[in-house]
Amino acid sequence: MSIALGTLHVAGVTAWLGGLIALTVFLLRGTHQRVLARILPAWSRLATLAVAWLVAAGLGQAVIELGRPAALWEST
């Protein structure tokens, strides 16, 4: 299960960071406003999904590693 969550986490990072780099390096410079009006909402949906993957995978990994929430403040 941990490997699947790690893979999901890496996929989320790749989608979010790759899209962000593509936007900043290639698309935002000199692109017409009409094109940006179509691209940015699509990117926003993809980024939201990628961040949801990151959060879900991180919470899943935390549950596996901790076992219970009290371990956050009880363990040394």
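Since the model is a prediction, treat every value here as computed from it, not as a measurement.
I64 belongs to a hydrophobic cluster with M1, L5, counting contacts under 4.5 Å between side-chain heavy atoms of Ile, Leu, Val, Met, Phe, Trp and Tyr, direct or through other members. Other residues sharing a hydrophobic cluster with L49 under the 4.5 Å side-chain heavy-atom criterion for ILVMFWY residues are L8, W53.
Contact record, W16 with W43: O-CH2, 3.1 Å, taken as the closest heavy-atom pair. Nearest heavy atom pair, residue L46 against residue A15, reads CD2-O, 4.5 Å.
Under the 4.5 Å side-chain heavy-atom criterion for Ile, Leu, Val, Met, Phe, Trp and Tyr, I39 and V25 are members of the same hydrophobic cluster. Each of V51 and V13 belongs to its own hydrophobic cluster when Ile, Leu, Val, Met, Phe, Trp and Tyr are linked at side-chain heavy-atom distances under 4.5 angstrom.
By the side-chain contact (heavy atoms from CB on, under 4.5 Å) test, V10 is found to be paired with T14, residues two or more places apart in sequence or in another chain being considered. By the side-chain contact (heavy atoms from CB on, under 4.5 Å) test, L17 pairs with I21, sequence neighbours left out. Q33 meets the side chain to side chain donor-acceptor pair (under 3.5 Å) test with no other residue; sequence neighbours excluded. In this structure, E65 has no salt bridge (Lys or Arg N to Asp or Glu O under 4.0 Å) partners at least two apart in sequence or on a different chain.
Distance check: R29 CZ to L23 CG gives 12.0 Å after rounding to the nearest 0.5 Å. Taking NE2 from H9 and OG1 from T7, the interatomic distance works out to 11.0 Å, rounded to the nearest 0.5 Å.
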